[in-house]
Amino acid sequence: MAQKIGQDKGAAAQAGTFETETGSGGELHQLPDGGSPVLTTQQGVPVADDQNSLRAGERGPTLLEDFHFREKIFHFDHERIPERVVHARGFGVHGTFTLTESLEEFTTAKILTEVGERTPMFVRFSTVAGNKGSFDLARDVRGFAAKFYTKEGNWDIVANNIPVFFIQDAIKFPDLVHAAKQEPDRGFPQAQTAHDNFWDFIGLTPESMHMIMWTMSDRAIPRSYRFMEGFGVHSFRLINAEGKAVFVKFHFKPRQGLQSVLWNEAVKINGADPDFHRRDLWDAIDLGSPPEWDFGVQIFDDDFADSFEFDVLDPTKIIPEEQVPVRIVGRFVLDNRVDNFFAETEQVAFCTQNVVPGIGFSNDPLLQGRNFSYLDTQLKRLGSPNFTHIPINAPKGCPFHNFQQDGHMAMRNPKGRVNYEPNSWAAGENNPRADPNTGYRHFAEEVNGRKAQIRSETFADHYSQARQFFISQTPIEQKHIGDALVFELSKCERIDIRERIVGHLRHIDQTLATVVADGLGLPALPEPVQAAVPARTDLPPSPALSIVARGPESFAGRKLGILVSDEAPAKLLKALVAGVKAAGAVYEIIAPKIAGATLDDGSQVEAKQKIDGGPSVLYDAVVLLLAPDGAAQLALDKTAKDFVSDAYAHAKFIGYIEDALPLIDAAGIGEADMDEGLILLSNAETIASFLKTCGALRLWERKYKVDLDAAGFLAAQPKIAPPKQPGA
């Protein structure tokens with residue numbers, strides 16, 4: 001079929017018409033016509049299929065024979081030096097994992113069977129699309145890569161804060177990243193996907209639509225690394241002593257709950273503090289309040305996999321927690337900062353292939369490709385096959401011996417005469433042998449099927465779980481998804497790209513498609529794009545997918561901004577500080593001068609921030625402790641007024657005293673705007689009540705007053721109710 005993919009729009013790129021075929025998995029194959037040359041390898045060999053890697057059977061493992069895939073990944077892995085091609089901007093910390101429940105029934109891995117065992121670990125958080133010098137709060141997936149230094153070798157879970165991915169086959173990874181990165185002719189935009197290339201690729205890759213719902217949601221702008229979930233994305237295998245295997249998905253759940261920022265906050269935070277996430281994690285550890293996560297698993301057998309609505313090998317799908325609950329089996333705390341950023345955070349190398357005995361792989365085609373690609377990437381980025389000699393990458397919990405030698409930057413070589421095996425030299429420390437009893441054993445899975453570049457038909461449903469994710473969000477979260485789509489697509493110059501995405505949205509939610517089309521000013525609602533498989537409407541909402549529905553129960557781990565002036569009430573400030581500490585939160589003093597302020601009892605309080613450098617977007621809630629003269633002076637200051645008006649617009653809780661009312665009024669918050677989120681503080685009891693209220697983080701009802709789009713979206717959504725709280 002012919003598809004028109006573009007139209008002229010000023011300086012916009014010329015769009016073309018092309019012939020396509022739809023594969024068995026719903027993927028789009030573009031055919032060479034209209035003057036386009038035939039795609040070839042670097043050796044000039046014509047390529048028949050650029051959408052699927054070669055595998056043994058439709059759902060079988062990827063084959064090393066696929067020279068086109070290997071060449072494409074090889075070139076992509078080596079495109080950047082020395083920073084990472086993706087996940088370039090990162091921040092790493094050390095920690096400890098402790099197992100609390102044994103999984104001996106399912107696996108021989110000691111890290112998952114020896115209860116109470118403490119395993120050192122290193123975690124690197126990161127953004128994906130931005131370069132090393134980009135800002136922390138880009139709208140993006142967050143990497144959450146964990147290296148466990150176990151007794152049996154290093155185990156890496158190369159996780160993200162989102163449980164699905166954009167693509168189903170690793171052969172498309174170079175295309176995805178090329179499309180998401182800055183456009184090659186102009187070198188911008190940086191650290192964002194709000195441009196034509198990305199959305200053009202997405203519009204022609206319907207398998208991405210589930211991931212798009214996640215990345216356009218608040219999950220992609222987290223408040224802190226400390227308030228993020230982590231997901232291993234793929235289905236892996238656990239293998240027990242009898243050689244039997246079950247599937248497993250890995251989960252990291254923050255013990256301080258989930259929290260994100262608003263897009264308007266993210267934009268302002270990036271200007272005020274582009275290192276916001278790094279600083280937050282550094283400070284939390286420095287203050288003796290290191291973050292903790294529960295480590296959980298979803299375990300399911302082949303019978304469940306065969307009966308599940310979707311293919312468990314498809315990395316664009318989740319298994320809802322309501323169907324397979326997450327079983328908490330351990331906990332880890334990140335409490336030790338690095339000694340040197342370059343030596344550890346920059347040089348750490350994660351590889352999905354790094355597993356220990358008792359943990360194996362599934363035939364997920366994206367995972368199979370990552371197993372090849374990551375090792376190749378480290379060779380290029382770190383300059384040598386000896387990157388495991390770097391201390392951060394070397395095993396710590398076990399001895400290690402092999403015959404690998406030489407190469408650039410070799411820090412150790414085999415000692416003695418023998419450097420091969422089998423050999424007949426005397427046994428000894430420098431003459432290791434493979435051990436069939438304790439050594440790694442791959443799961444003995446039967447593999448049958450014709451060798452072919454093909455995608456399984458079980459991968460063809462691209463919209464049903466995207467719809468499930470959307471209807472699982474509360475109305476305000478749904479509104480944020482609509483806002484994000486309108487913002488990103490408004491940056492596309494080509495109208496047809498915008499229309500194509502709205503055509504995909506019509507398979508997910510009609511109201512969402514209508515709201516986005518209206519926000520983009522499209523003259524008519526575009527027709528739905530052709531779906532390989534119609535979206536299911538019988539999948540129920542999953543409360544586990546909503547951040548707001550699973551909000552925290554206290555203000556612990558959050559930060560309060562306290563704006564003070566000279567002659568502010570010392571007694572109230574002292575009670576407030578004591579209450580914040582008792583709540584397990586932290587605070588910062590903001591004042592007109594960095595030297596601080598002289599309180600009404602003559603004592604001096606030092607400021608952490610001058611009002612010009614401490615906007616309210618840096619805090620989870622704010623308090624205004626101002627004397628009459630201080631409030632009058634700050635009421636004339638634009639930055640001080642922004643401090644209050646932004647906090648109000650971002651639905652934050654605001655504590656205040658009577659003398660601060662002139663600043664509140666100057667910020668445009670009149671008597672009619674004084675809602676339950678503005679709380680008068682007069683004594684220790686009101687302070688305690690305020691801090692307890694702050695546990696809800698935001699007064700979401702206010703958004704419908706201060707954001708006309710929010711009110712309109714809510715009015716358009718009467719059919720979708722917020723998901724019930726777990727246990728309700």
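Everything quoted here is computed from the prediction, not taken from an experiment.
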Using the rule given for side-chain hydrogen bond (donor to acceptor under 3.5 Å, both in side chains), can you reason through Gln259 versus Arg558, listing the C-alpha separation, both sets of side-chain angles and the distance that settles it, and then say yes or no?
CA-CA 10 Å; Gln259 186 182 352; Arg558 272 70 184 181; 2.7 Å; yes
Let me see the working for Ile318 and Gln465 under side chain to side chain contact (heavy atoms under 4.5 Å, CB included), right down to the final yes or no.
CA-CA 8 Å; Ile318 63 167; Gln465 284 204 345; 3.5 Å; yes
Does the side chain to side chain contact (heavy atoms under 4.5 Å, CB included) test come out yes or no for Val93 and Arg124, once each step is laid out?
CA-CA 7 Å; Val93 286; Arg124 186 179 185 272; over 6 Å; no
For a side-chain hydrogen bond (donor to acceptor under 3.5 Å, both in side chains) check, start with the C-alpha distance between Gln473 and Ser217, then their side-chain angles and the critical distance, and finish with the verdict.
CA-CA 9 Å; Gln473 308 303 299; Ser217 78; 5.5 Å; no
Evaluate ring pair (Phe, Tyr, Trp, His ring centres under 6.0 Å) for Phe97 paired with Phe295, printing each intermediate quantity in order.
CA-CA 9 Å; Phe97 169 76; Phe295 179 89; 5.2 Å; yes
Derivation and outcome, side-chain hydrogen bond (donor to acceptor under 3.5 Å, both in side chains), residues Glu322 and Ser542:
CA-CA 7 Å; Glu322 290 77 13; Ser542 169; 2.7 Å; yes
Kindly determine whether His504 and Tyr463 satisfy side-chain hydrogen bond (donor to acceptor under 3.5 Å, both in side chains), including the steps that lead there.
CA-CA 8 Å; His504 286 294; Tyr463 303 109; 2.7 Å; yes
Please test Ile547 against Arg219 for side chain to side chain contact (heavy atoms under 4.5 Å, CB included), starting from the C-alpha separation and ending with a verdict.
CA-CA 8 Å; Ile547 295 176; Arg219 297 269 185 161; 3.7 Å; yes
Apply the test side chain to side chain contact (heavy atoms under 4.5 Å, CB included) to residues Gln609 and Tyr619: give CA-CA distance (whole Å), side-chain angles for both, the deciding distance (0.1 Å), then the verdict.
CA-CA 12 Å; Gln609 304 281 359; Tyr619 308 104; 3.4 Å; yes
Could you check Phe125 against Phe91 for ring pair (Phe, Tyr, Trp, His ring centres under 6.0 Å), going step by step and ending with a plain yes or no?
CA-CA 5 Å; Phe125 300 101; Phe91 195 72; 8.4 Å; no
Go through Arg467 and Asp509 one step at a time and tell me if the salt bridge (charged side-chain N to carboxylate O under 4.0 Å, His left out) criterion holds.
CA-CA 6 Å; Arg467 180 185 183 278; Asp509 184 83; 5.6 Å; no
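Using a 4.5 Å heavy-atom threshold, the side chains of Leu520 and Val516 count as touching. Using a 4.5 Å cut-off on side-chain heavy atoms (C-beta onward), Pro222 and His277 make contact. The side-chain heavy atoms of Phe201 and Leu176, taken from C-beta on, include a pair separated by under 4.5 Å. With a 4.5 Å cut-off on side-chain heavy atoms, Thr639 and Lys610 do not count as touching. No side-chain heavy atom of Thr514 sits less than 4.5 Å from a side-chain heavy atom of Leu512. Residues Ile508 and Met209 form a side-chain contact, since some pair of their non-hydrogen atoms from C-beta on lies under 4.5 Å apart. Counting heavy atoms from C-beta outward, Ile654 and Val623 have side chains that stay 4.5 Å or more apart. In this structure, the side chains of Leu281 and Pro291 come closer than 4.5 Å at one or more pairs of heavy atoms.
With a 6.0 Å cutoff to the six-membered ring centre and a 45° limit on the axis angle, Lys559 does not count as a cation-pi contact of Tyr587. Cation-pi check for Arg498 over Trp199 is not met; the charged atom does not lie both under 6.0 angstrom from the ring centroid and within 45 degrees of its normal. Remark: Arg223 is not positioned above the aromatic ring of Phe276, lacking an NZ or CZ atom under 6.0 angstrom from the ring centre and at most 45 degrees off the axis.
Taking the charged nitrogens against the carboxylate oxygens, Arg337 and Asp286 do have a contact shorter than 4.0 Å, which makes a salt bridge. Using a 4.0 Å cut-off between charged side-chain N and carboxylate O, Asp196 and Lys491 make no salt bridge. Salt-bridge formation is not detected for the pair Glu265/Lys268: no Lys NZ or Arg NE/NH1/NH2 atom is positioned less than 4.0 Å from an Asp or Glu carboxylate oxygen. The pair Asp275-Arg89 meets the salt-bridge criterion, since a charged nitrogen lies less than 4.0 angstrom from a carboxylate oxygen. Salt bridge annotation for Glu229-Arg142: absent, with no cationic side-chain nitrogen under 4.0 angstrom from a carboxylate oxygen. With salt bridges taken as basic N to acidic carboxylate O contacts below 4.0 Å, none links Glu477 and Arg550.
Under the 3.5 Å distance criterion, the side-chain polar atoms of Lys652 are left unmatched by any main-chain donor or acceptor of Val622. Side chain of Asp280 to backbone of Tyr225: no donor-acceptor contact under 3.5 angstrom is found.
Taking Phe341 as the reference, nothing meets the ring-ring contact (aromatic ring centres under 6.0 Å, His included) condition, with sequence neighbours excluded. In this view, Tyr656 satisfies the ring-ring contact (aromatic ring centres under 6.0 Å, His included) rule with no residue, not counting sequence neighbours. Shown here are the ring-ring contact (aromatic ring centres under 6.0 Å, His included) partners of Phe332, two or more places apart in sequence or in another chain: Phe252, Trp293.
Enclosure of atom NZ in Lys608 is not indicated, since only 12 or fewer non-hydrogen atoms of other residues, nucleotides or ligands lie within 6.0 angstrom.
In this structure, NZ in Lys705 is found 8.5 Å from CG in Leu699, a value given to the nearest 0.5 Å. One finds the CZ atom of Phe470 at 7.5 Å from the CE atom of Met213 (value rounded to the nearest 0.5 Å). With rounding to the nearest 0.5 Å, the separation of OG in Ser289 from CG in Asp335 is 11.0 Å. One finds the OG atom of Ser554 at 11.5 Å from the NZ atom of Lys692 (value rounded to the nearest 0.5 Å). Between the CG atom in Leu625 and the CD1 atom in Ile657 there is a gap of 5.5 Å [rounded to 0.5 Å]. If you take CD1 on Ile679 and OG1 on Thr686, they are separated by 9.5 Å, rounding to the nearest 0.5 Å.
Side chains of His251 and Gln298: a donor-acceptor N/O pair is present below 3.5 angstrom, by distance only. For the residue pair Asp140 / Thr127, no side-chain donor-acceptor distance below 3.5 Å is found, with atom types taken as modelled. For the 3.5 Å distance criterion, the side chains of Glu344 and His94 qualify, holding a donor opposite an acceptor. Between the side chains of Lys181 and Asn197, no donor-acceptor pair of N or O atoms lies under 3.5 Å.
Taking each heavy atom of Glu488 and Ala194 in turn, the nearest pair found is OE1-N, 3.4 Å. Heavy atoms only, all atoms of each residue included: Ile669 and Met674 are closest at CG2-SD, 4.1 Å. Residues Gly613 and Leu618 approach most closely at O-CD1, 4.1 Å, considering heavy atoms. Taking all atoms of both residues into account, the shortest heavy-atom contact from Lys641 to Ala667 is O-CB, 3.6 Å. What you find for Asp673 and Tyr648 is that their closest heavy atoms are O-OH, 2.8 Å. Annotation for Arg226 and Pro254: closest pair O-CB, 3.4 Å, computed over non-hydrogen atoms.
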